[in-house]
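In what follows, a single structure is set out as structure tokens and then discussed.
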Amino acid sequence: MAKKINMGKITESRLEEGLTVRNNLVIETLVQVLDEQLVVERHILQERLSNLVDLSKYDEELKDTVRALIMKM
């Protein structure tokens, strides 16, 4: 069963930093998916990215912003 994804809230002061983090996570995930020759649906990509954010060492405000940006994809 899939884990419920935290929707997050975009903090305007962290928007640029959050976009950079999100973009890096997307690239890393897509490289891994291509390497494994998998097909990824949007909700699975969002879940994988959200899991990476949960495991990251970013502060909670940035994590929240990145989660919200992931959900807007």
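Any value given below was found using the heavy atoms of this structure, including those in side chains, with hydrogens, waters and symmetry copies removed. Because the structure is predicted, anything quoted here is derived from the model rather than measured.
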Task: Results of salt bridge (Lys or Arg N to Asp or Glu O under 4.0 Å) for Glu16 - residues two or more places apart only - done: none
TODO: Evaluate side chain to side chain contact (heavy atoms under 4.5 Å, CB included) for Val66 paired with Tyr58, printing each intermediate quantity in order.
DONE: CA-CA 10 Å; Val66 174; Tyr58 303 120; 5.7 Å; no
- [ ] Start with the C-alpha gap between Leu15 and Thr11, add the side-chain angles, then the distance that decides, and say whether side chain to side chain contact (heavy atoms under 4.5 Å, CB included) holds.
- [x] CA-CA 6 Å; Leu15 181 60; Thr11 304; over 6 Å; no
Open item on the list: For Gln32 and Glu28: C-alpha separation, side-chain torsions, deciding distance, then whether side chain to side chain donor-acceptor pair (under 3.5 Å) applies.
Closed with: CA-CA 6 Å; Gln32 181 183 14; Glu28 289 175 27; over 6 Å; no
Task: Shortest non-hydrogen contact between Arg22 and Ile70, atoms and distance - done: CG-CG1, 3.9 Å
Open item on the list: Between Asp59 and Arg14, is the salt bridge (charged side-chain N to carboxylate O under 4.0 Å, His left out) condition met? List the steps.
Closed with: CA-CA 11 Å; Asp59 61 82; Arg14 304 299 295 271; 3.0 Å; yes
Open item on the list: Looking at every non-hydrogen atom in both residues, tell me the closest pair between Thr29 and Leu52 and how far apart they are.
Closed with: OG1-CD1, 3.5 Å
Task: ILVMFWY cluster, Leu69 and Val21 together (side-chain gap under 4.5 Å) - done: no
TODO: Dump the intermediate steps for side chain to side chain contact (heavy atoms under 4.5 Å, CB included) on Arg48 and Val33, then the final yes or no.
DONE: CA-CA 11 Å; Arg48 287 181 90 166; Val33 165; 3.4 Å; yes
- [ ] Write down the atom of Ile10, the atom of Ala68, and the distance for their closest heavy-atom approach.
- [x] CG1-CB, 3.4 Å
Open item on the list: Ignoring hydrogens, what is the shortest heavy-atom contact between Arg67 and Val53? Give both atom names and the distance.
Closed with: CG-CG1, 4.1 Å
Task: Euclidean distance, His43 NE2 relative to Leu45 CG, rounded to 0.5 Å - done: 10.5 Å
Task: Taking every non-hydrogen atom, the tightest pair across Gln46 and Met71 - done: NE2-O, 3.5 Å
TODO: Show the numbers, then the answer: is there a side chain to side chain contact (heavy atoms under 4.5 Å, CB included) between Leu62 and Glu17?
DONE: CA-CA 8 Å; Leu62 181 58; Glu17 186 179 8; 3.5 Å; yes
Open item on the list: Could you see if Leu25 belongs to whatever hydrophobic cluster contains Leu19? Use Ile, Leu, Val, Met, Phe, Trp, Tyr and a side-chain cutoff under 4.5 Å.
Closed with: no
- [ ] Mark yes or no for whether Lys9, through its side chain, and Asp64, through its backbone, hold a donor-acceptor pair below 3.5 Å.
- [x] no
